[in-house]
Peer 1: 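Dropping a structure here in structure tokens format, bear with me for questions.
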Number of protein chains: 2
Amino acid sequence: MDSPRRTTIYDVAREAGVAASTVSRALNNPRRVNPATRDHIVAVAERLGYRPDPLATALQSGHKATIAMLVPDITNPHFFGTIRGAEKRASEAGLTFILANTEESADNERNRIERLSRSVDGFVLAASRMEEETTRELARDYNLVLVNRQVRGLPSAVVDNGAGSRQVVEHLASLGHRSLVYLSGPHRSWPAAQRWRALRAAAEAHGMAARRLGPFPPRAEGGGVAADAGLGAGATALVAHNDLLAIGMLRRLAERGVSVPGQVSVVGYDDIFGADLCVPALTTVAGPQEEAGRAAVELLTRKGSLSRSQPAPQQVVLPSHLVIRRSTGPAAP
Amino acid sequence: MDSPRRTTIYDVAREAGVAASTVSRALNNPRRVNPATRDHIVAVAERLGYRPDPLATALQSGHKATIAMLVPDITNPHFFGTIRGAEKRASEAGLTFILANTEESADNERNRIERLSRSVDGFVLAASRMEEETTRELARDYNLVLVNRQVRGLPSAVVDNGAGSRQVVEHLASLGHRSLVYLSGPHRSWPAAQRWRALRAAAEAHGMAARRLGPFPPRAEGGGVAADAGLGAGATALVAHNDLLAIGMLRRLAERGVSVPGQVSVVGYDDIFGADLCVPALTTVAGPQEEAGRAAVELLTRKGSLSRSQPAPQQVVLPSHLVIRRSTGPAAP
DNA sequence: CAACATTTGGCAATCGCTTGCCATGGCACG
DNA sequence: CGTGCCATGGCAAGCGATTGCCAAATGTTG
């Protein structure tokens, strides 16, 4: 900053009557220096209010004590939990936390990574939009951990929508629904694929018909078209790619005078803030997003320290579950 | 990161047949070097994929190209807009954006500032919880810009809830309300004070009675007590410190079978995501939060460059306005 | 008490870049 | 043709830490 001048390791050294190197050791590698001198140095450092300069440290040692998280859209409430979890864990680990918005663009993502690479120890990529191949390639040069996306060979923390999706189907089946429509998210969305896979499999197992429509923009604005499309498909149950889309659909359905859940049931994913506020309150698949954020940072830090001894990257999978609210009900006859 | 070795300014220098200093100048201070050499150097740098190391640059020049934003509670949707605005502007200005959660604690805030001070050019403090005096003190050593808080002598960007608050009163008065209760936010909250001041003044001007209750935790969980307290005070209009609190109150009122807006009207502040989803949709004071975030970063960057010539710190004030939805209606007789 | 091992602390190089100062060369001018 | 000025580029000194290597001091052992 612009303050007069911060106290450096040299100030401490002079004041303590030792060499700078000794100060450095006393602080970082305490057993390398005599307890008496160490205590003295620590005391002096304390008194002078010495704080190591992270930049200088990083420049020399390569250890930046900083990580960056890249998010496709900070605005999307879906990411809040993950961001929060990651920030928290980072802060606990004494890491500086950089947040960057990539605006849903793989190019942006890549650029940000390259731009930031010198400043951080690693990246948490939330719902990355990049191609698998590109990701893998970048992972050779940089420390990457994925959240809510899996790529073979790369560490990741994901919420498994499989369990939740199966519960969706069971729930719907038990209410007498014979068919469902999945209103899909972005074409290249990993969770979208995962969700559809699970839904279809479960539906088949329950003798239910399942169709996929879309892709739709995973925002409330996409709900209009999605609702109309879903209605057109003639299903009694509409499963939206995420809550935002579901909420948009709810609006559209209300506009069209279609009763939910009387005529049609609606399900979302993510259990975002607001999912229980809308009318009717949304039945949705919830997952421990915050936990996923934490886990990702955890993986990142762990990775750094054991890089040699641990060739197999970790893949953390966290379970999801269905939260039943008012937007689902018995199938219309 | 851990890649083999990045190309440095020396690599470029050697390859281009000039001194490192010339490369540096060619890139940062183009007019200081002959156009021909410059072009050549730039070309070589390009070819070698040279990227300056931000850490080394910062260490030497003191220019970190990084700012940090401190937020009391990342989880609170109220801040999303501000965060987004700030991040966006920072990114546009080529600044790295650090986000830190201070968990509603002034001590945390202070510590974070001190911890990060060496790594950043300045701080954006959103809804700071620190005492005026402490803040001013810190501002002597560090570059600070406040958001949604004003402290004399410090630059800030705030959403003026005055206009919105007056509109609230006018709106309620026109619906026949003769009294209102303000369910206050945290004791030391600057917006809380500001809101109450404006409400009271406007109420007086309209011959309306106004009382303040609280403080209440500015979260949905606080809504229960707040609603009960408000009801107990016997007012026909409840103005909550923010939407979260208002939503919590709505829930409690529904629980108690109190009709909104039939028996009592409810107003919030911030127009957060979800305010239009709840039942009844919330009448609330909206402000350009994203704009405030942008403005704050703007002030921060501007400040740096003109530090000498501009002694008077800027205070940006952005207007708010009332958004009328369903939670307000004619006063019960 | 000599010979050797172990601590302990200092010197100096280094990380990658910026920048003050100086040396050089070309040019215009008197 | 001599002088002075300006444009241009290089040298080298930092910025604030870490760390390999070495020297001195201390302790251990036969």
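Because the structure is a prediction, the values reported are computed rather than measured. Throughout, protein chains are lettered first and strands after them, A, B, ... in sequence-line order, and every chain is numbered starting at 1.
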Peer 1: Is the shortest side-chain N to carboxylate O distance from A:E132 to A:R136 below 4.0 Å?
Peer 2: yes
Peer 1: Using whole Å, what does the distance between atom C1' of nucleotide D:dT18 and atom NE2 of A:H63 come to?
Peer 2: 13 Å
Peer 1: On DNA chain C, nearest-nucleotide positions of A:V23 versus B:T7: which is more 5'?
Peer 2: A:V23
Peer 1: Identify whether the distance between the nearest side-chain nitrogen and carboxylate oxygen of B:R110 and B:E114 falls below 4.0 Å.
Peer 2: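 Yes, charged N to carboxylate O under 4.0 Å.
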Peer 1: Classify the nucleic acid contact of B:V18 as base, sugar-phosphate or nothing, counting any heavy atom under 4.0 Å across all strands shown.
Peer 2: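 It contacts sugar-phosphate atoms only.
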Peer 1: Among A:T135, A:L70, A:L138, A:T134, find the residue that satisfies the side-chain contact (heavy atoms from CB on, under 4.5 Å) test when tested with A:E109.
Peer 2: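 One option only clears the test, and that one is A:L70.
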Peer 1: Measure the spacing between CD1 of B:I113 and CG of B:N108 and express it to the nearest 0.5 Å.
Peer 2: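 It comes to 11.0 Å.
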Peer 1: Would you please confirm or rule out a distance under 4.0 Å between OP1 or OP2 of D:dG10 and any side-chain N or O of B:T22?
Peer 2: yes
Peer 1: Taking A:R14 first and then A:D11, would you say they form a salt bridge - that is, a charged N and a carboxylate O separated by under 4.0 Å?
Peer 2: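 Yes, this pair counts.
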Peer 1: Where along residues 30-38 of chain A does a heavy atom fall under 4.0 Å from DNA chain C?
Peer 2: A:R32, A:V33, A:N34, A:T37
Peer 1: Measure the distance from CG on A:N29 to P on D:dA17 and round it to the nearest whole Å.
Peer 2: 17 Å
Peer 1: Taking all atoms of both residues into account, what is the closest heavy-atom pair of B:I9 and B:V23, and its distance?
Peer 2: CG1-CG1, 3.4 Å
Peer 1: Please compare A:Y10 and A:R25 by the position of their nearest nucleotide in DNA chain D and report the one closer to 5'.
Peer 2: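 The residue closer to the strand's 5' end, by nearest nucleotide, is A:Y10.
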Peer 1: Would you indicate whether the side-chain heavy atoms of B:R188 and B:E131 approach each other to under 4.5 Å?
Peer 2: yes
Peer 1: Please determine whether a side-chain nitrogen of the Lys or Arg among B:E87 and B:R84 lies less than 4.0 Å from a carboxylate oxygen of the Asp or Glu.
Peer 2: no
Peer 1: Have a look at B:N28 and say if it touches a base, only the backbone sugar-phosphate, or nothing, with a 4.0 Å heavy-atom cut-off.
Peer 2: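 Contact class for B:N28: sugar-phosphate only.
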Peer 1: Remember a base hit wins even if backbone is also touched, and classify A:T8 as base, sugar-phosphate or nothing at under 4.0 Å, heavy atoms.
Peer 2: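 Since only primed, P, OP1 and OP2 atoms lie under 4.0 Å of A:T8, the category is sugar-phosphate.
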Peer 1: Would you mind reading off the bend of the helix from C:dC1-D:dG30 to C:dG30-D:dC1 from its two end axes, five pairs each, to 10 degrees?
Peer 2: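 Angle reported: 40°, given to the nearest ten degrees.
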Peer 1: Quick check: do A:M130 and A:E137 have side-chain heavy atoms less than 4.5 Å from each other?
Peer 2: no
Peer 1: side-chain hydrogen bond (donor to acceptor under 3.5 Å, both in side chains), that's the test. Do B:S91 and A:R112 meet it? Break it down for me.
Peer 2: CA-CA 10 Å; B:S91 145; A:R112 290 305 208 118; 3.3 Å; yes
Peer 1: Without decimals, in angstroms, what is the distance between B:I9 CD1 and D:dG10 C1'?
Peer 2: 13 Å
Peer 1: To the nearest angstrom, how far is A:I41 atom CD1 from D:dA17 atom P?
Peer 2: 14 Å
Peer 1: Could you pull out the closest heavy-atom pair between B:R118 and A:R6, with the gap in Å?
Peer 2: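 Taking every non-hydrogen atom into account, NH1-CB, 3.1 Å.
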Peer 1: Tell me, please, the opening and closing nucleotides of DNA chain C, 5' to 3', among those with an atom under 4.0 angstrom from a non-hydrogen atom of chain A.
Peer 2: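 So the outermost contacting nucleotides come out as C:dT8 to C:dG16.
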Peer 1: Should B:E104 and B:R129 count as side-chain neighbours, where that means a heavy-atom distance under 4.5 Å?
Peer 2: yes
Peer 1: Between atom CG in B:L59 and atom P in D:dA13, what is the gap in whole Å?
Peer 2: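 Interatomic distance, CG of B:L59 to P of D:dA13: 17 Å.
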Peer 1: Mind checking if B:S21 touches a base, just sugar-phosphate, or nothing, with heavy atoms under 4.0 Å?
Peer 2: base
